[in-house]
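To start, the structure under review is shown below, and the notes come after it.
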Amino acid sequence: MLLTLITFIPLIGAALLLCVPRSMEGAHKWFAFGVSLVPLILCIPLMIVFPYGEPGFHCAALVSWIPSFGIDYRIGIDGISFVLIILTTILTTISIAASFESIKEKEKEFYFFLLLLETGMLGTFIALDMFLFFVFWELMLVPMYFIIGVWGHGERIYASIKFFLYTAFGSALMLLVIFYLYFEAANQLGASPSFHFENFVALTLDPGIQKWLFVGFVLAFLIKMPLFPFHTWLPYAHTEAPTAGSVLLAGILLKSGVYGFLRFCIPIFPQAVIAFSPVLMTLAIIGVIYGAMVAMVQRDVKRLVAYSSVSHMGMLLAGILAWNLQGIEGGIIQMVNHGLSTGALFLIVGMIYDRRHTREVSEFGGLSKVMPVYATFFMIFMLSSIGLPGLNGFVGEFLILLGLMGHSIFWTILAATGVILGAAYMLWLYQRMMFGEVKVEANRELKDLNRREFHILLPIAIFCFLIGVFPYPLQKTLEPAAKQIVEYIQPHLTAEPWLASIPLPNENTSPSINNESNHE
Amino acid sequence: MTSIQIPELSFSLIAPELILCTAAIVILLVDLYVKNVERINITLLALIGIVLAFFSAGTLYGASELAFSWLIIRDDMSVVIDQIFLIGAALIVLMSHHYSERYHFPYGEYIVLLLFSTLGMLIISASADLITLFLGVELVSITLFVLTGFEKKSLLSGEASLKYLLLGAFSSAFMVYGIAFIFGMCRTTNLISIGSLLSEDFIGSPLLILGFALLLVGLGFKIALAPFHMWAPDVYQGAPTPITAWIAAGSKLAGFIALVRVFSLPDISFHPLARTWVEGIWWLSLLTMIIGNAGALVQKDIKRMLAYSSIAHGGYLSMAFVSHNDVGLQALLFYLAAYLFMTIGAFAVVIAAGRHGEERRRISDFAGLAKRRPFLAAMMSLFLLSLAGMPPTAGFIGKVWLFGSAIQAQYYGLAIVGILTTLFSFYYYLRVIVYMYMRDEEKEFEAEPLSVSLTLALSLSALGVLILGVFPNTLMKVITNSVIVL
């Protein structure tokens, strides 16, 4: 019930927002802000109720939605979804607050789409029914399309359509695979057909077919993540989107790709995941280095941050593909970290854009003298993104590298190169923008952060420090879920498969999951 | 000598048809004898007739009978379909009320023809005999020929009407020819008798296959399956917009129901023939999806774009015949209902966005609509997203169900083509949204205030799209039951 409330209150709020008359200027943003606070506050009881350290899905609910099809409203959360839900509610509230001054046209529609997007994102993380998941997954797409296309900058129309078509392509293939699995489940399990994802997990799939199904299924998540070479939509979408859009895109939407990979791909296609993991690993590491190198030469700050996302997401996936506890945990922690630090960096960029209406690095310089508070926040988030010890980024990157070390020294070295490059482009950016003399006259007059902006950035900074210094609670929350993933994959791992091309195991053992629990 | 037996006449089974017919005749007489009758009264009369027919159809659930010496079949499926048709007709009447005022149509005659075309659709849905079927198809076609040409001052309208008439007559000839072959081989035109005959003898007889193929071509024209789709864009563009909506939604629905009656009745279990049949329609479906979507990509006129989109939808819908299973049939019926709401809704927006002499015809005319008419732009977006198949709309559930049926029947290739062409369709549906929301208007369009009838039509369609998208279960259950009862 609690989860349902958290998920659907933004939707109800969005519907109510439509009833606020257009003439009441200024009311829309406050209304949306108020609505977005409700799920945020409801996260507190959720944090109290949630059983930390216990495996399985909690706060579950099951209501029949379309019985003639076996589609249920089946929800539940484990550690991963729990953390992502909290992140979503925080970032949505912050993005609404961050849009107060930058969005001046069609305010009503803007906040309507933001709230709709929040429901889509939250729903994606709670759905355990594949059909329900797909509905929420697609629900994220339309609001984001509008947010980029209507309130974006420059090439917004191109960016929004590219974003839409890329993601829609991935999810279309996913839908076909879901249906294949649905009918296969009806054949194999004999029970009344259902879209419950654990039914799909229980299936025995022929390895040959499994590969094809995996390819169709995983593409949706890889595009959203985005993994090199499916990342080309991202620089456009991130750069042209308004600040709130970029924050949510980087903070949550990219994470939903990783989340889908962890939650559905690995349990349903364990053999295929392993068969493809050398390929995925290679692409992920290419992404780490490629993203970092391209970021280094960007002239546009926002584009730079966008490419740094490609690099970070590659790193995160590489950690997961190490298939050990440290790597997977590190990957999940990095999801949260990346959401916080990159989200914050987009906010930082947005704030300077609001003042100067340019994002060219060369337009700035010496800002630390003019805007000391701004420079401080920028530094915190920049260092968090690099992974300085004591800040959140360090915890995730350290665990990822540790996990990678556990299976291949080769990939670890390459991934570590990416970290170094990351430090290079970020520090260089900071140096160019913040230090030195004030070269451009317009910059002398810039005002430092106002109270609203300060309070937007402050909570994120606090979280960065908290996670950096006390990672234990977060780790504890995620551990059972990470262990569960390792358990799914472990029976299918052969010794040292990493550098050799692995044949699929012949016996189609499905992972040890409790079959009785599927037919409640 | 045998005396002529008068078959039992069970009028109660055709109550919806009778009521609708009566309403049409009453309006005809009122229009003839009462001077200066208000348009609103005609609209109300038509709506009353439609609503009465709707409820009388509702009482027929569970009847499952053959009547009028097997000319009429009254099963649950026909009742569901009748009700869908009647809802559609009501929406069209509401739209026409507004539109006819704009262009000063002879409103009485217009509504009468509209009701008669609806009657034809009801006859199709209840026909158990090729003769009744043909009667229904002709009633729909002929009334629509006239209605297409109703905008007398517009050249396009006249051209459209003539084109529609010529090609329509051509396709009817195909149908009759096909029926003649079937009658020649089976010595009956009754579908149920043909079904039982087919399961015994005649299997694979080339002439019989020819007959069915000709019938398919004839009906293929009516539902604009490629390569028989050429007439559709021109007719859609030229016809008065409410009629375009009715051709796109109603007439297409009727054509598909005719196909269902002929080819998919589980009673007619001509399985050996089914293979040939499935193969043929597999190609038609593939071709239609590709041509429809590719054609829509390059259109500049909104009505032409919607015409190609409706051709593409015909391709998706005919997938149900390929999968040839219960799921496919159920999906077809559901999708037809969903399609009706979203298509009619989209055309209603096209009407509402224009005014006399200043219709928004080109897609670029929709630029800046979101700023000037936010409600209309939001509605249009909803209908377009539903046509594109985004959740949580009716179009999504319908498409998922259709593609699902193809996967269940293991036609993976067709399902993949369906999905990929759907992706193409996103582009042209989004293009309209891009114009409405993301571009500034090029020339000013004087706003005409939304009339009550149009608002009603819009909101009802939107409601239908959303309800079928979020709570599809009620209709699903009805449909699933009705298909099983057969």
Side-chain angles (χ1 to χ4, degrees), chain A residues 11 18 22 64-69 71 105-106 108-109 112-113 116 119-120 123 131-132 134-142 145-146 148-152 156-158 160-161 164-184 186-187 193 209 212 216, chain B residues 327 330-331 334 370-371 374-375 377-378 381-382 384-385 388-393 396-397 399-410 412 415-416 418-427 429-431 433-439 469-481:
Chain A
L11 183 69
L18 288 181
R22 209 166 286 275
S64 187
W65 178 26
I66 310 178
S68 28
F69 241 0
I71 297 169
E105 276 193 355
K106 303 186 189 129
K108 187 169 166 175
E109 284 89 348
F112 170 78
F113 283 125
L116 200 62
T119 294
F131 193 88
L132 186 67
F134 188 83
V135 169
F136 282 124
W137 176 264
E138 292 287 88
L139 195 62
M140 290 193 294
L141 190 53
V142 177
Y145 163 74
F146 276 100
I148 298 173
V150 180
W151 294 274
R156 60 201 160 90
I157 295 175
Y158 175 75
S160 61
I161 288 192
F164 193 99
L165 290 183
Y166 260 68
T167 15
F169 173 73
S171 36
L173 291 181
M174 177 165 81
L175 184 67
L176 287 182
V177 177
I178 291 177
F179 262 87
Y180 180 90
L181 293 171
Y182 170 76
F183 289 118
E184 194 65 28
N187 281 341
I209 296 173
W212 284 107
Chain B
V327 178
Q330 292 159 8
F334 185 88
K371 206 166 187 180
F375 174 70
S381 308
L382 177 70
L384 290 175
L385 287 173
M390 294 300 291
T393 56
F396 169 69
I397 303 278
K399 236 174 220 162
V400 158
W401 205 352
L402 267 178
F403 292 164
S405 81
I407 292 175
Q408 195 191 25
Q410 303 191 326
Y412 302 120
I416 289 174
I419 284 273
L420 291 181
T421 48
T422 304
L423 283 173
F424 278 104
S425 77
F426 283 154
Y427 181 77
Y429 292 127
L430 288 184
R431 206 156 54 115
I433 296 181
V434 164
Y435 271 107
M436 288 190 307
Y437 279 88
M438 305 175 196
R439 289 189 199 277
V470 182
F471 305 106
N473 208 47
T474 322
L475 181 63
M476 266 185 186
K477 246 197 234 147
V478 175
I479 285 176
T480 319
N481 290 340

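None of the values given here were measured: they were computed from a predicted structure. Labels below follow one simple rule: chain letters A, B, ... track the order of the sequence lines, proteins then strands, and each chain is numbered from 1.
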Ranked by heavy-atom pairs below 4.5 Å to chain B, first place among F169(A), W151(A), Y145(A), F131(A) goes to Y145(A)
Heavy-atom distance under 4.5 Å to chain A: side chain of L385(B), backbone, both or neither? side chain
For S171(A), which residues count as a side chain to side chain donor-acceptor pair (under 3.5 Å) partner, sequence neighbours excluded? E138(A)
Has the side chain of K106(A) got a donor or acceptor atom that lies under 3.5 Å from a matching backbone atom of A370(B)? no
Determine whether more than 12 heavy atoms belonging to other residues, nucleotides or ligands lie under 6.0 Å from atom OH of Y412(B). yes
With a 4.5 angstrom heavy-atom cut-off, could you sort out which part of F183(A) is near chain B: side chain, backbone, both or neither? side chain
Whether W65(A) side chain and V470(B) backbone form a donor-acceptor pair below 3.5 Å: yes
At a 4.5 Å cut-off on heavy atoms, which part of E109(A) comes close to chain B: side chain, backbone, both, or neither? side chain
Once you round to the nearest 0.5 Å, how far does CD1 of I157(A) lie from CZ of R431(B)? 12.0 Å
What is the minimum heavy-atom distance between M438(B) and S160(A), and which atoms define it? SD-OG, 4.2 Å
Region of L141(A) that comes under 4.5 Å of a non-hydrogen atom in chain B: side chain
If I measure from the heavy atoms of chain B, does L175(A) come under 4.5 Å with its side chain, its backbone, both, or neither? side chain
What are the two closest non-hydrogen atoms of I419(B) and L173(A), and how far apart are they? CG2-N, 4.4 Å
Which atoms of T422(B) approach chain A - backbone, side chain, both or neither, heavy atom under 4.5 Å: neither
Please report the interatomic distance CD1(I66(A)) to CD1(I397(B)), rounded to the nearest 0.5 Å. 4.0 Å
Heavy-atom cut-off 4.5 Å, strictly under: side chain, backbone, both or neither for F396(B) against chain A? side chain
Please walk me through it: do F179(A) and F403(B) pass side-chain contact (heavy atoms from CB on, under 4.5 Å)? CA-CA 8 Å; F179(A) 262 87; F403(B) 292 164; over 6 Å; no
Nearest heavy-atom pair of P391(B) and L139(A): which atoms, and what distance? O-CD1, 4.3 Å
Quick check for you: among A406(B), P392(B), P374(B), which has the greatest number of heavy-atom pairs under 4.5 Å with chain A? P374(B)
Is the closest side-chain heavy-atom distance between P67(A) and N473(B) below 4.5 Å? yes
Whatever's closer than 4.5 Å to a heavy atom in chain A on R439(B) counts as side chain
Side chain to side chain donor-acceptor pair (under 3.5 Å) partners for Y427(B), two or more places apart: none
4.5 Å side-chain heavy-atom contact, F426(B) and I161(A): no
